[in-house]
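Just so we're on the same page: letters track the sequence lines, and every chain starts at 1.
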Protein chains: 2
Amino acid sequence: MTATRSYHHGNLRAALLEEAERALADGRDLSLRELAREVGVSHAAPRRHFADKQALLDALAQDGFERLGAELGEALSAAGFDAQLHAMARTYVRFATRHAALLELMYTGKHRPGVDPGVGEAAERALRPMLGVIVAGQEAGAVVGGAPEQVGAAVFAMVQGLAAMVNLGMLDEAAVDAAVERLILGLRPR
Amino acid sequence: MTATRSYHHGNLRAALLEEAERALADGRDLSLRELAREVGVSHAAPRRHFADKQALLDALAQDGFERLGAELGEALSAAGFDAQLHAMARTYVRFATRHAALLELMYTGKHRPGVDPGVGEAAERALRPMLGVIVAGQEAGAVVGGAPEQVGAAVFAMVQGLAAMVNLGMLDEAAVDAAVERLILGLRPR
DNA sequence: ACCTGAACACCGTTCAAGT
DNA sequence: ACCTGAACACCGTTCAAGT
């Protein structure tokens with residue numbers, strides 16, 4: 001880690017976030033002081049860019065949702081409702097396993113009071129592609145009618161739950177496909 | 001908080017766990033030193049009962065799974081597969097909302113290396129009633145055949161995901177019932 | 001056996017001061 | 001505007017010592 005001095009010409013913020021992600025991926029605990037050390041700056045310097053530790057965590061979570069949303073959006077290129085839903089579930093599970101600690105952070109303490117509203121908005125944007133799949137599925141007659149949000153809740157709950165189980169080692173990826181298949185059948189109009 | 005002196009005649013461990021749950025419920029951060037203070041003991045005393053902070057967290061998680069399992073077991077008294085599954089989902093979601101911080105702790109870092117095996121075993125025991133519902137449903141012809149673990153994965157994923165969404169404020173309890181209904185339809189033999 | 005007190009190496013946060 | 005250094009009030013963990 002050769003400390004590039006040019007780093008600190010306005011992008012300390014980005015450097016800190018990068019280092020934080022690396023720590024998260026390595027399973028290290030996040031400490032502001034350590035991040036500052038790693039990036040070659042005094043322990044008080046991050047204060048200029050993040051009001052406190054929580055602000056940095058919020059920025060990290062928001063970034064995570066934005067990347068997740070981008071990946072989910074790509075899954076829309078599959079043809080047909082079933083293929084799209086399968087692709088979406090696989091994409092979500094893959095993101096969850098590749099960025100396990102980040103995903104945990106993304107969903108952690110969202111219920112705590114005084115959350116950064118930016119995180120919630122990013123989460124909503126990230127999950128929008130899933131709603132798009134539902135609406136298209138309804139139009140194609142593959143999905144029951146009703147408020148897309150209601151149907152989407154079932155889909156998102158299943159996918160999110162499956163990802164959590166895979167991360168806990170309770171499930172392999174074949175079981176994910178099987179569960180999604182069950183869900184697809186349940187969503188069909190009757 | 002009148003510090004009862006008789007507390008410390010062999011049950012410091014239980015007192016610490018109780019206080020930890022209270023802190024969790026209040027949304028306070030868990031600090032071993034604060035727990036010791038609250039319970040009226042020196043900051044080094046907990047060491048006798050918990051090797052380190054993680055050991056206390058593991059004990060807390062294990063306890064949580066045991067209580068969750070007991071509540072889920074009660075849901076089995078409902079009559080018929082549909083009613084049992086609905087009861088189970090409502091029970092799980094209720095536990096999740098009443099003990100949000102505890103549930104987060106229960107599922108947090110399960111994937112980290114060197115976990116207390118007791119926690120995983122308690123988790124498995126807690127979820128067993130759910131498998132029982134599946135098996136009974138299969139025998140009654142309300143659920144597709146196949147390995148109960150595979151079908152159970154879909155059920156647990158959905159329920160766990162719904163609970164997470166309710167905790168995040170993304171969902172109300174009516175939507176839970178609707179999603180479970182979709183799942184029931186998907187599980188039917190065809 | 002169970003607990004205390006001091007010590008060590010860390011934290012997050014604040015604030016005057018430097019450039 | 002951006003960063004430093006010292007300071008404050010906390011942590012978790014360890015260890016000799018007390019009863």
Residues that [X] engages under side chain to side chain donor-acceptor pair (under 3.5 Å), provided they are two or more places apart:
X        : value
A/Gln62  : none
B/Asp29  : none
B/Arg48  : none
B/Glu121 : none

*Sequence neighbours left out, what passes salt bridge (Lys or Arg N to Asp or Glu O under 4.0 Å) with B/Glu74? Give chain and number order.*
none
*Using the test salt bridge (Lys or Arg N to Asp or Glu O under 4.0 Å), find all partners of A/Glu149 that sit at least two apart in sequence or belong to another chain.*
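Result, salt bridge (Lys or Arg N to Asp or Glu O under 4.0 Å) vs A/Glu149: none returned.
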Spacing of [X] atom [atom1] relative to [N] atom [atom2], expressed in whole Å:
X       : N      : atom1 : atom2 : result
A/His49 : D/dA1  : NE2   : C1'   : 9 Å
B/Glu34 : D/dC11 : CD    : P     : 6 Å
A/Leu32 : C/dC10 : CG    : C1'   : 14 Å
A/Leu35 : C/dC11 : CG    : C1'   : 12 Å
A/Leu56 : C/dT13 : CG    : P     : 10 Å
B/Arg37 : C/dC3  : CZ    : P     : 18 Å
A/Asp52 : C/dC11 : CG    : P     : 17 Å
A/Phe50 : D/dC3  : CZ    : P     : 12 Å

_Pairing pattern in dot-bracket form [Watson-Crick, G-U; both distances under 3.5 Å; | = partner strand] for DNA chain C_ = ||.|||||...|||||.||
*asked:* Considering every strand and a 4.0 Å limit on heavy-atom distances, what is the contact class for B/Arg13: base, sugar-phosphate, or nothing?
replied: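 No contact.
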*asked:* By the 4.0 Å heavy-atom rule, please label A/Ser31 as base, sugar-phosphate, or nothing.
replied: sugar-phosphate
Protein-nucleotides 6-9 of chain C N/O pairs closer than 3.5 Å?
{"residue": "C/dA6", "atom": "N6", "partner": "B/His43", "partner atom": "NE2", "Å": "2.8"}

*Would you name the heavy atoms of B/Asp63 and B/Glu21 that are closest together and state the gap between them?*
OD2-OE2, 4.2 Å
*Answer yes if the ring centres of B/Tyr107 and A/Tyr107 are under 6.0 angstrom apart, and no otherwise.*
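No; A/Tyr107 has its ring centre 6.0 Å or more from that of B/Tyr107.
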Just the atom pairs and distances: protein N or O near nucleotides 16-19 of chain C's N or O, under 3.5 Å.
none

Among residues two or more places apart or on two chains, list those pairs meeting salt bridge (Lys or Arg N to Asp or Glu O under 4.0 Å) that have a residue in [range].
range                       : answer
residues 166-176 of chain A : none
residues 123-144 of chain A : A/Glu66-A/Arg125
residues 79-94 of chain A   : A/Glu71-A/Arg94, A/Arg90-A/Asp177

*Going by heavy atoms in the side chains, are B/Gln54 and B/Asp116 under 4.5 Å from each other?*
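No. Closest side-chain heavy atoms not under 4.5 Å.
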*Phosphate-side-chain proximity, A/Arg47 and C/dT14, N/O vs OP1/OP2 below 4.0 Å*: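 Result: yes.
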*Nearest-neighbour nucleotide for the B/Lys53 side chain, C/dT4, D/dT13, D/dC3 considered*: D/dT13
